[in-house]
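All chains are named by letter (A, B, ...) in the order of the sequence lines, taking the proteins before the strands, and each is independently numbered beginning at 1.
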Amino acid sequence: MEKKYDHKQVESNKYEQWLQQKLFQAGDLKKPPFCIVIPPPNVTGRLHLGHAWDTTIQDVIIRYKRMKGYDALWIPGMDHAGIATQAKVDERLRSQGTNPRGMNRDEWTKIAWSWKEEYAKIIRSQWGKLGLSLDYSREKFTLDPDLNNAVNEVFVTLYNKGYIYRGERIIHYDPVAMTALSNIEVIYKEEEAILYYLKYQLADSNQYFTIATTRPETIFGDTAIAVNPNDKRYNQMENKMVIIPTLDKKIPIILDEHADMEFGSGVVKITPAHDQNDFEVGNRHNLDRVICLNPNGTMNNAAGKYENMDRFQCREKLVNELKEKGLLLREEKITHSIGYSERSNAIIEPYLSKQWFVKVDELAKHTIENQKNAKTKVNFFPERFENVFLNWMTNIQDWCISRQLWWGHRIPAWYKDDEIHVGKEPPVGEGWVQDEDVLDTWFSSALWPFATLGWPQRLNRRYFPNNVLVTGYDIIFFWVSRMIFQSLEFNNERPFQDVLIHGLIRDKDGRKMSKSLGNGVDPMDVIDQYGADALRFFLMSNSSPGQDLRYDEDKVKAAWNFNNKIWNATRFVLLNTKDFPSPKHTFKRLSLYDKWILARLNETILETQKAIENFEFNIVCNTIYSFVWNDYCDWYIELSKFNLESPTTKSVLIYVLTEIVKLLHPFMPFVTEEIYQKFNNDQTSIMISNYPQYNKKLRYKDEINKVEKIKEIITTIRNVKQENKISNEYYLINQLNREELYLITDHQIEIGKILKTSFVKEKPANMQEIIITFAYGKIILCYNSTTNNNIDKEMLQKEKETLIESINKRTNLLANENFTKKAPPNLVDSEKQKLNEETEKLKLIEEQLK
RNA sequence: GGACGAUUAGCUCAGUUGGUUAGAGUGCUACCUUGACGUGGUAGAGGUCGUAGGUUCGAGUCCUACAUCGUUCACCA
């Protein structure tokens with residue numbers, strides 16, 4: 001074995017072997033089922049650290065459950081990611097000199113599919129590097145034919161129920177991706193903008209209104225101006241006409257509550273085709289809807305001479321014209337929020353168009369109702385995210401699902417004149433034309449937990465509902481909520497019992513990782529440098545449920561160091577158990593230390609078990625880490641060195657190490673497999689070994705106390721030795737109380753070896769002494785020095801002071817009847833005992849100070 | 001404006017249902033190179049737990065208010 005841990009060597013080939021042995025494949029019907037479906041990554045690119053985190057959590061759960069005896073199924077898959085992928089494919093085509101929109105749809109789609117295959121390969125290889133135990137025999141893609149069938153089934157059913165409708169509405173329109181978006185695909189940012197005050201002249205007088213707008217180019221879509229019916233300044237002017245600035249067009253003055261008397265001049269322009277509120281005003285007053293923008297973000301013929309000019313260029317030119325004509329009264333800086341497209345980052349335009357929508361209120365009601373039933377609800381971890389979810393569900397708006405793209409599930413609707421046919425199959429007869437649009441990607445993702453399990457043909461109920469879904473809080477609205485309401489609607493059941501929500505990965509300075517900041521970290525680079533085990537252990541041990549995680553390379557290094565520590569512990573065990581593995585394993589005549597480490601292991605298993613079931617992986621990692629490093633390596637291995645010829649010691653060394661690698665396997669699959677194989681005769685994988693189990697019989701409370709006492713004595717002596725700068729020539733005299741006296745006498749050989757000294761009966765001549773005080777007696781340290789031992793006195797004095805302080809505190813506490821009456825009795829007892837010990841110790845110290 | 005989260009050691013973070021000397025990693029200081037590991041070992045310094053009140057025998061933990069940072073929803077002519 002190499003002295004330095006080599007992650008590249010250890011991690012190579014293992015994944016292929018696991019695959020070959022079909023260890024990731026589920027389906028053993030004798031075992032209880034357990035199922036997770038992966039949140040399908042987009043086929044737009046490579047996996048990032050967020051994916052690594054998300055999937056590692058799932059792999060930990062799956063590997064743990066598999067070792068616990070479950071038929072653990074983890075279904076892999078990928079998402080077609082409509083807008084994002086189409087943009088990437090287009091970008092590539094353009095860079096090759098092809099205009100993607102000039103292609104025919106089928107040709108383009110072929111290219112998109114080859115893109116998909118290309119990236120699917122990359123993603124699969126990255127999953128492999130991470131060590132994810134995915135059952136590839138069940139892999140799905142959101143555009144697969146069976147998924148398409150599920151999508152159509154859902155669309156047609158909801159349409160027939162009246163939950164899906166087509167209508168002309170104001171939607172969020174992305175002029176770069178040239179498609180409609182749902183409201184949650186818009187990201188609002190607070191920004192400074194200019195509020196332009198425009199002069200709307202009355203048609204038949206010199207009087208005018210001052211109207212403020214941040215989007216002057218939309219005046220071409222104005223069809224009225226509105227004042228509040230209660231506004232005495234203007235309400236008598238209803239139905240009079242005003243002239244749109246720069247245009248020779250008259251529009252009426254209307255009375256509507258929408259106009260806020262307090263805001264600006266109290267008069268607002270109404271642009272029904274480019275503003276949600278105005279659209280509603282328009283409906284109330286039967287106003288025309290004038291669209292003044294083309295789908296690509298340029299002005300249309302309603303803008304007259306500005307036709308075909310970009311919307312922002314038009315704004316600039318128009319403002320100049322208004323200025324020249326004296327129609328711009330003033331400009332004012334304001335901050336307001338501007339909507340950007342989540343995908344293309346283009347400024348969103350509210351736009352009147354005919355789109356498909358899901359009417360969500362009934363579905364939402366059902367979902368909210370279901371959350372009140374403890375037996376059928378989806379359990380959120382951490383719980384607080386349930387409120388976030390319910391809050392959104394309560395205020396939900398209809399979901400715009402049509403997208404003007406080529407990459408996606410085409411809407412199963414056909415038109416012929418005024419007729420419409422919605423169905424899984426095209427209508428018979430001539431002249432029908434299918435809707436050009438596709439569905440929102442999330443429409444298909446929403447079916448993921450059951451569409452991947454054979455729905456609607458035959459839903460595999462064995463794995464449904466899924467046991468747990470793992471995802472980040474950023475997609476609760478996009479995905480989690482939609483999976484829940486669709487599953488309740490179509491299966492009358494939750495899609496998963498539990499949903500585990502994690503945070504986002506940030507950079508070392510707490511900033512979001514993003515392409516534009518260039519602060520992203522490629523998990524494959526990290527794996528190359530430190531190994532997947534180190535990356536995984538870093539991710540799992542440094543995060544707490546629902547909280548964001550800062551990426552810190554130093555912490556990955558620390559995880560690597562842990563790897564190296566285990567590796568070298570293994571080296572030690574192997575070097576010293578050459579005749580093992582053999583059938584000679586024995587736990588006969590266990591020593592005090594053997595019992596101690598077995599009991600500590602047992603405690604570790606118990607804590608691990610408890611925490612892992614609660615998804616508290618940081619606790620699991622830290623518990624195992626400290627057991628391995630502080631108990632097994634620092635103490636047990638050190639102590640074992642004085643007893644290495646004993647087969648029992650060898651057996652315990654191997655046994656505990658084997659249990660350690662099993663405990664760690666879900667977190668660090670590669671190195672644990674490597675080590676497990678070194679002690680495993682039959683060559684079966686650690687993946688299918690049994691996860692360590694707590695054993696009530698191995699508590700050895702007495703032995704734990706004894707060893708903890710020995711550790712305390714050793715540590716205290718080391719401390720005194722260092723504080724007093726005592727060289728290695730020193731001796732100890734045991735003057736402890738009876739019980740402890742014998743404890744130390746029984747083990748004085750190894751204690752002496754560890755402390756590099758020995759016990760003597762009397763102080764050797766010419767030596768000075770320091771008395772080390774414990775609650776249970778004293779040990780005298782004899783040392784060879786010409787210096788006086790004032791330091792010793794100072795130390796004692798200091799110790800005395802803190803002791804007195806503590807004794808006073810405790811005495812007061814115990815004198816307080818409220819405490820002794822109300823506090824739990826065991827607490828009161830332990831306080832009394834501590835007080836006794838402290839008083840004893842104080843006596844001894846005072847004696848010495850005399 | 002509503003809701004949620006964060007505020008604990010120099011830094012990054014844990015801290016279960018309140019239990020009395022608040023933990024880890026990293027960094028820092030001193031010492032140690034006897035074969036598991038110097039990517040290590042040993043010992044140590046370092047915190048009035050954001051502020052102010054309150055409940056309680058007892059508060060980092062529960063309640064109220066405030067402050068700072070962040071997230072999110074809504075509004076935005």
Side-chain angles (χ1 to χ4, degrees), chain A residues 1 3-5 184 188 190 193 195-198 210-215 218 225-226 258-260 263-271 275 277-278 334-338 382 384-385 387-388 391-392 395 473-474 476-477 503-504 508 510 512 538 541-544 546-550 552 554-555 557-576 610-611 614 616 618-619 622 625-626 630 633-634 637-638 641 714-716 718-723 725 728 753 756 802 805-806 809-810 813 816-824 826-828 830-831 834:
Chain A
M1 266 178 98
K3 211 166 157 180
K4 179 178 167 174
Y5 176 61
I184 52 176
Y188 291 94
E190 286 282 316
L195 191 58
Y196 299 94
Y197 287 84
L198 310 184
T210 307
I211 295 179
T213 179
T214 50
R215 295 189 297 153
T218 63
I225 66 169
H258 169 61
D260 182 350
F263 192 97
S265 62
V267 191
V268 58
K269 72 190 203 61
I270 303 298
T271 321
D275 183 280
N277 287 318
D278 293 3
I334 57 156
T335 49
H336 73 155
S337 54
I338 294 177
R384 64 187 156 88
F385 288 107
N387 291 332
V388 177
N391 205 2
W392 188 72
N395 302 306
Y473 59 69
D474 53 328
I476 292 177
F477 302 153
L504 263 40
K508 203 170 181 284
K512 251 187 202 174
F538 156 74
S541 61
N542 284 285
S543 55
S544 55
Q547 234 40 60
D548 288 351
L549 167 64
R550 288 195 196 199
D552 184 347
D554 285 343
K555 289 183 178 179
K557 270 182 205 165
W560 186 91
N561 288 351
F562 181 49
N563 237 322
N564 189 53
K565 187 75 179 176
I566 299 168
W567 185 253
N568 278 289
T570 305
R571 274 187 72 217
F572 172 84
V573 174
L574 281 173
L575 284 171
N576 292 289
K610 220 172 102 188
N614 286 325
E616 295 166 329
N618 56 331
I619 296 178
N622 295 331
Y625 181 98
S626 94
N630 306 126
C633 293
D634 287 352
I637 286 187
E638 289 309 316
K641 288 177 181 171
I714 291 174
T715 306
T716 310
R718 279 170 176 163
N719 178 2
V720 170
K721 208 187 133 209
Q722 289 208 15
E723 293 279 313
K725 296 195 165 38
N728 271 341
K753 280 181 179 168
K756 292 171 198 143
T802 51
E805 201 182 322
S806 176
K809 235 174 159 180
R810 237 180 272 281
L813 183 66
N816 186 341
E817 272 190 25
N818 274 321
F819 174 73
T820 47
K821 272 184 195 162
K822 290 181 188 174
N826 59 337
L827 186 73
V828 179
S830 93
E831 284 299 315
K834 278 181 196 163

- Query: For A/Phe385, what residues pass the side-chain contact (heavy atoms from CB on, under 4.5 Å) criterion, not counting sequence neighbours?
  - Reply: A/Phe380, A/Pro382, A/Val388, A/Tyr473, A/Ile476, A/Ile501
Tabulate protein N/O versus nucleotide N/O from nucleotides 29-32 of chain B, keeping only pairs under 3.5 Å, one per line.
none

- Message: For A/Tyr625, give me all partners under side chain to side chain donor-acceptor pair (under 3.5 Å), at least two apart in sequence or on another chain.
- Response: none
- Rounding to the closest angstrom, what is the interatomic distance between B/U55 and B/G47 at atom C1'? 26 Å
Dump the pairs, protein N or O against N or O of nucleotides 35-38 of chain B, anything under 3.5 Å, distances to one decimal.
| residue | atom | partner | partner atom | Å |
| --- | --- | --- | --- | --- |
| B/A36 | OP1 | A/Lys641 | NZ | 3.0 |
| B/A36 | O2' | A/Asn568 | OD1 | 2.9 |
| B/A36 | O2' | A/Arg571 | NH1 | 2.9 |
| B/A36 | N6 | A/Cys633 | O | 3.2 |
| B/A36 | N6 | A/Glu638 | OE2 | 3.3 |
| B/A36 | N3 | A/Asn568 | O | 3.1 |
| B/A36 | N3 | A/Ala569 | N | 3.3 |
| B/C37 | OP1 | A/Lys3 | NZ | 3.2 |
| B/C37 | O4' | A/Asn568 | OD1 | 3.1 |
| B/C37 | O2' | A/Asn564 | ND2 | 3.2 |
| B/C37 | O2 | A/Lys565 | NZ | 2.9 |
| B/C37 | N3 | A/Lys565 | NZ | 3.0 |

- Query: Over how many whole Å does the gap from A/Ile476 atom CD1 to B/U72 atom C1' extend?
  - Reply: 10 Å
- Message: Classify A/Tyr188 by what it touches in the nucleic acid, base, sugar-phosphate, or nothing, heavy-atom distance under 4.0 Å.
- Response: base
- Query: Atom CG of A/Leu195 to atom P of B/C76: distance rounded to whole Å?
  - Reply: 14 Å
- Among the nucleotides B/U72, B/U42, B/C75, which one has an atom lying closest to any side-chain atom of A/Glu190? B/C75
Between the protein and nucleotides 2-10 of chain B, list every N/O to N/O distance that falls short of 3.5 Å.
| residue | atom | partner | partner atom | Å |
| --- | --- | --- | --- | --- |
| B/G5 | O2' | A/Gln547 | NE2 | 3.2 |

Distances under 3.5 Å between protein N/O atoms and the N/O atoms of nucleotides 44-48 of chain B, please, pair by pair.
| residue | atom | partner | partner atom | Å |
| --- | --- | --- | --- | --- |
| B/G44 | OP1 | A/Asn719 | ND2 | 3.2 |

- Task: Tell me, please, which residues at least two apart from A/Lys4 pass side chain to side chain donor-acceptor pair (under 3.5 Å).
- Result: none
- If you measure from the C1' atom in B/U21 to the same atom in B/G58, how many Å do you get, rounded? 15 Å
- Message: Wobble G-U and Watson-Crick pairs count when both distances are under 3.5 Å; given that, what is the 5' to 3' dot-bracket string of RNA chain B, with | for pairing to other strands?
- Response: (((((((..((((.....[...)))).(((((.......))))).....(((((..]....))))))))))))....
- Query: When you compare B/U56 with B/C11, how far apart are their P atoms, in angstrom units rounded to a whole number?
  - Reply: 37 Å
Restricting both atoms to N or O, compile the protein contacts to nucleotides 19-22 of chain B shorter than 3.5 Å, with distance only.
| residue | atom | partner | partner atom | Å |
| --- | --- | --- | --- | --- |
| B/U21 | OP2 | A/Lys809 | NZ | 3.3 |
| B/U21 | O4 | A/Glu838 | OE2 | 3.3 |

- With sugar-phosphate meaning primed atoms plus P, OP1 and OP2, does A/Asn618 contact a base, only sugar-phosphate, or nothing at under 4.0 Å between heavy atoms? sugar-phosphate
- Query: Is any side-chain N or O of A/Ser544 closer than 4.0 Å to OP1 or OP2 of B/A14?
  - Reply: yes
- Query: Is any side-chain nitrogen or oxygen of A/Arg215 closer than 4.0 Å to OP1 or OP2 of B/A77?
  - Reply: no
- Output all residues satisfying side chain to side chain donor-acceptor pair (under 3.5 Å) with A/Asn622, sequence neighbours left out; order by chain, then residue number. none
- Message: Under a 3.5 Å cutoff, is there a donor and acceptor pairing between the side chains of A/Ser541 and A/Lys555?
- Response: no
- Query: What about A/Ser543: does its side chain form a donor-acceptor pair under 3.5 Å with the base of B/C13?
  - Reply: no
- Message: Within the 4.0 Å heavy-atom criterion, would you say A/Asp554 contacts the bases, only the backbone, or no part of the nucleic acid?
- Response: nothing
- Note on the structure: note: A/Asp275, atom CG; B/C76, atom C1'; distance rounded to Å ~ 10 Å
- Task: Taking salt bridge (charged side-chain N to carboxylate O under 4.0 Å, His left out) as the test, write out the residues that go with A/Lys756, two or more places apart.
- Result: none
- Query: Using a cut-off of 4.0 Å on non-hydrogen atoms, how would the nucleic acid contact of A/Thr213 be classed: base, sugar-phosphate, or nothing?
  - Reply: sugar-phosphate
- Query: Who passes side chain to side chain donor-acceptor pair (under 3.5 Å) against A/Tyr197, sequence neighbours left out?
  - Reply: A/Glu332
